[in-house]
Novice: 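Here it is: the structure, laid out below.
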Amino acid sequence: MDPVIITGAGPVGLTLTLALARQQVPCVVLDEGPGKDEPRPARTVVLREDAVALVERLTGTPLTGLGCRWAGWRSTRRKQVIREVVFGDTDPAPLHIAQHELTGVLRAALAREPLVKIAVDSRLDGIEQETSGVTAHTRGPGGTWWRGSYLVGCDGPRSTVRKLQDIRFPGRTAVERYAVAALRTDLPWTDEALLHRSPPWRTSGPSAGEIVGRPLPNGVWRLDWLLPPGKDLVTPELLVNRVRETLTGWVGTSNPSYELLDTGVHTVHHRLARRWRVGRVLLAGDAAHLLGALGTQGLEEGLRDADNLAWKLALAWHHGPREALLDSYQEERRTAIAARLRAADQVLPLLRGGGNLRSYVPGSARGNDALLADGHLGRGTLGSPGTYGASPLAPEHLAGEVPVGTPPGAPVTDVRVTAEDGTFVRLRDRLGRGALLVVLIAPGTGVWERKHWVTAGIMPRLAAAVTALPHYAELLVAESYPGAAAHTVLLVRPDGHLVTALSGVRPADLYAAAEAAVGGATPPAAAESTEEQAEAGAAAGSR
C-alpha cells in the first residue's frame, strides 16, 4: 500500500503526518522549504486545551515550557476594567506559543518516526489521480514523481493542491488588519493577557480602536494594534511610535524600557473552500479555510482538521476506501468552520461599524466586550470548538440513548478512567489511536483492584458486546462523568467526540452506534497485517 502524501510542512501538515504515523500509516511530507523554520517571535498562536492535548499526545513533549499559559484575561475600555477572567482547573488557560516553537516540537517527533519521509526543497507542481491512488510531481533539486494512496493539501492560503484541483475559495479579503510587535519589557500584568479598547491616551485615529497584549515566556510580549480599513503602509517609525505610546500609557513612564524583537502586519481574510475532497485528494488547514477576525484562531481549527481526518484516513488506508467516512470529514469540518465564519460576519458590523452598539443599546460596551472575549478565549459561537451533532456518522433511533453533560457530537470531558491493564489514565490519553472508546460509568470501582470488578456485575456482558463491535474498541471505566448516571455507557470516537450515551449494556444499540460512527460495516481485514502494510508503504516512497 502506497504512503499518504502530505503537501506542506506547517503545523497542520506535520500534525496530520504524526497522527497518521501513530496509527501505522506511512507518509511522505513534501516540504518546499529547507526543513526548518525561521524564528519569528511576532508569529504566534493561541491554543486551547484540546489543541494542546492533541500536540502533547502526539509528540510526548509538554508545550507549557515553550509557551506561556495565561494566569488571566483582562478587558479594559478607556480606564475602566470591564471583565477579568482567572484561569484554573475548571477553566484551563490558553497556551500562547511562537509558531516556530510548535513546528520545532512536531519536527523533532517526526524525526524519530520510521514511517515518515520528509522531502525538503520539494515544490508541488502536478497531481494525477486514478482509481488506485494518486501521483504527485515536485520540482526543485530533487524533483521527481511521488506515488501515494491519498494526498492531503496542507499548503496554506495559496494552496497549489487546491488550485490544481480547480477548487473555488470564495470569501472576504482583508477583513481586519493588525500591526504586530514582539518585544521584551516589564508590564504591570504578570502572565495576564489583555484587551484594551479606546485607550485614553488617544481619542481619535487608528490607535483609538483596540490593542491586544499577549505574554510569552522570558518577559516577551506580543502586541497587536487594530488598523483602520485600507492599505496604508505600516512603516517602522509608525510601529515604534505605537510601541512607545502604548507602553507609556500602560506603565506610566515617559521613557519606557523595552527591546524590540520582531514586527509585522497581520491581515485577516475569511475564506472557505467549496470542496475539501476530490477523490483521493483532500484539503486541511489554511488550504481549506481562513478565519481569524475578532481574536479567533485559525491554526487551532487546522489542528482540529488534522485530528478529524487522521483516524478516518487511517481506517481507509488499512481496510480499503470508506467513502461515507471520508466524505464525513468535509461535512463535519466545513460545517463547523462555516458556522464560525457566519457568526463573525454577523458580529463584525456591530463591533467595527460606526458607533457600534453603543448608539442604541444601553450597556453595550460590556456586550461588545463579551463578544470579543468569546473570540479571544475560545467561547461562544465565535470561539468554541465545533460539534458534529448533525454528522452523517451520527446513529439514528437508539432506544437506549440517554442525555449526559456532553451532547452527541461534542468533545467529551476529560475524566480519569481505568484502562484495560488496570492503570489510571486520562480519557484524552486514549484518543488518537484509531480505536473507538467504550466508557462505563461505574461509581466505586476506583477503590478496588481491577481484578475484583472486571468479572462482576454487568462487566462481562459489556466486554462481550465490545469484542463483537464492527471496529476495534477499547473498554474503559470511569468513576463519574458529568450528567451521567451509574451504568451509563459512552461511545467515543477516536478524535474524542461523543457518539452516544446508553443506559446500561445494550449490545444492539452499541453495535449500531459503532457501525454508524465508522461510516458503515467494516469490510474484512486485508490478508496483510497492519504492520506488514505499514512496512510496505514506508518502502514505497518515490518512484
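Both backbone and side-chain heavy atoms feed into the values below; hydrogens, waters and symmetry mates do not.
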Novice: So does Asp345 pair up with Arg172, basic N to acidic O under 4.0 Å?
Specialist: yes
Novice: Is a side-chain donor or acceptor of Ser391 paired with a backbone partner of Glu332 at a separation under 3.5 angstrom?
Specialist: no
Novice: Checking Arg162 against Phe169: charged group under 6.0 Å from the ring centre and within 45 degrees of the axis?
Specialist: yes
Novice: Counting N and O atoms only, with roles assigned by atom type, does the side chain of Tyr329 sit under 3.5 Å from a partner on the main chain of Leu283, one being a donor and the other an acceptor?
Specialist: yes
Novice: Using atom types as modelled and distance alone, determine if a side-chain donor or acceptor of Arg333 lies under 3.5 Å from a backbone N or O of Glu301.
Specialist: yes
Novice: I want to check something: taking the side chain as every heavy atom from C-beta on, are Leu299 and Pro11 in contact at a cut-off of under 4.5 Å?
Specialist: yes
Novice: State whether Glu49 and Arg69 are salt-bridged, where the test is any N-O pair (Lys NZ or Arg NE/NH1/NH2 against Asp/Glu carboxylate O) under 4.0 Å.
Specialist: yes
Novice: Would you check if Asp125 and Thr160 make a side-chain contact, meaning some heavy-atom pair closer than 4.5 Å?
Specialist: no
Novice: Among side-chain atoms of Ser384 and Arg340, is any donor-acceptor pair under 3.5 angstrom?
Specialist: no
Novice: Has the side chain of Asp31 got a donor or acceptor atom that lies under 3.5 Å from a matching backbone atom of Gly33?
Specialist: yes
Novice: Short question: side chain of Glu128, backbone of Ala136 - any donor-acceptor pair under 3.5 Å?
Specialist: no
Novice: Check the side chains of Thr138 and Trp146 for a donor-acceptor pair under 3.5 angstrom, ignoring hydrogens and angles.
Specialist: yes
Novice: To check you understand the geometry: which heavy-atom pair defines the closest contact between Ala324 and Leu393, and what is its length?
Specialist: O-CD2, 4.4 Å
Novice: Could you walk me through whether Gln23 and Arg433 pass the side chain to side chain contact (heavy atoms under 4.5 Å, CB included) test, one step at a time?
Specialist: CA-CA 6 Å; Gln23 296 174 67; Arg433 303 173 180 219; 5.7 Å; no
Novice: Okay, side chain of Asp155, backbone of Thr7: is any donor-acceptor separation there less than 3.5 Å?
Specialist: no
Novice: Side-chain contact test, heavy atoms from C-beta onward, threshold under 4.5 Å: evaluate it for Leu110 versus Leu14 and give yes or no.
Specialist: yes
Novice: Report yes or no: does Arg112 contribute a side-chain atom to a donor-acceptor pair with the main-chain N or O of Ala108 at less than 3.5 Å?
Specialist: yes
Novice: Answer yes or no: does atom CZ of Arg43 have more than 12 heavy-atom neighbours from other residues, nucleotides or ligands under 6.0 Å?
Specialist: no
Novice: Would you please classify the geometry between the His497 ring and the Tyr388 ring as parallel, tilted or perpendicular, with 30° and 60° separating the classes?
Specialist: parallel
Novice: Taking Arg322 for the side chain and Gly520 for the main chain, is one N or O donor matched with an acceptor at less than 3.5 Å?
Specialist: yes
Novice: Could you go step by step and tell me if Arg280 and Glu130 meet the salt bridge (Lys or Arg N to Asp or Glu O under 4.0 Å) rule?
Specialist: CA-CA 8 Å; Arg280 290 178 174 264; Glu130 54 198 68; over 6 Å; no
Novice: Do the side chains of Val438 and Glu474 get nearer than 4.5 Å, heavy atoms only?
Specialist: no
Novice: Charged N to carboxylate O under 4.0 angstrom, Arg277 versus Glu331?
Specialist: no
Novice: Got a salt bridge between Asp262 and Arg222, using NZ or NE/NH1/NH2 to carboxylate O under 4.0 Å?
Specialist: no
Novice: Do Tyr150 and Trp317 pass the ring-ring contact (aromatic ring centres under 6.0 Å, His included) test, and can you show the C-alpha distance, the side-chain angles, and the key distance before you say yes or no?
Specialist: CA-CA 9 Å; Tyr150 295 90; Trp317 192 89; 9.3 Å; no
Novice: So does Thr381 get a backbone contact from the side chain of Asp374, meaning a donor-acceptor N/O pair under 3.5 Å?
Specialist: no
Novice: Before we go on, tell me: are the rings of Tyr178 and Trp225 under 6.0 Å apart, centre to centre?
Specialist: no
Novice: Does the side chain of Gln129 come within less than 4.5 Å of Gln165's, by heavy atoms?
Specialist: yes
Novice: Backbone N or O of Val180 within a donor-acceptor pair of the Asp224 side chain at under 3.5 Å?
Specialist: no
Novice: Salt bridge check: are Arg493 and Asp495 linked by an N-O gap of less than 4.0 Å?
Specialist: yes
Novice: Between Leu372, Leu377, Ile211, which is the residue that forms a side chain to side chain contact (heavy atoms under 4.5 Å, CB included) with Leu195?
Specialist: Leu372
Novice: If you define the side chain from C-beta out and look only at heavy atoms, does anything of His96 sit under 4.5 Å from Thr44?
Specialist: yes
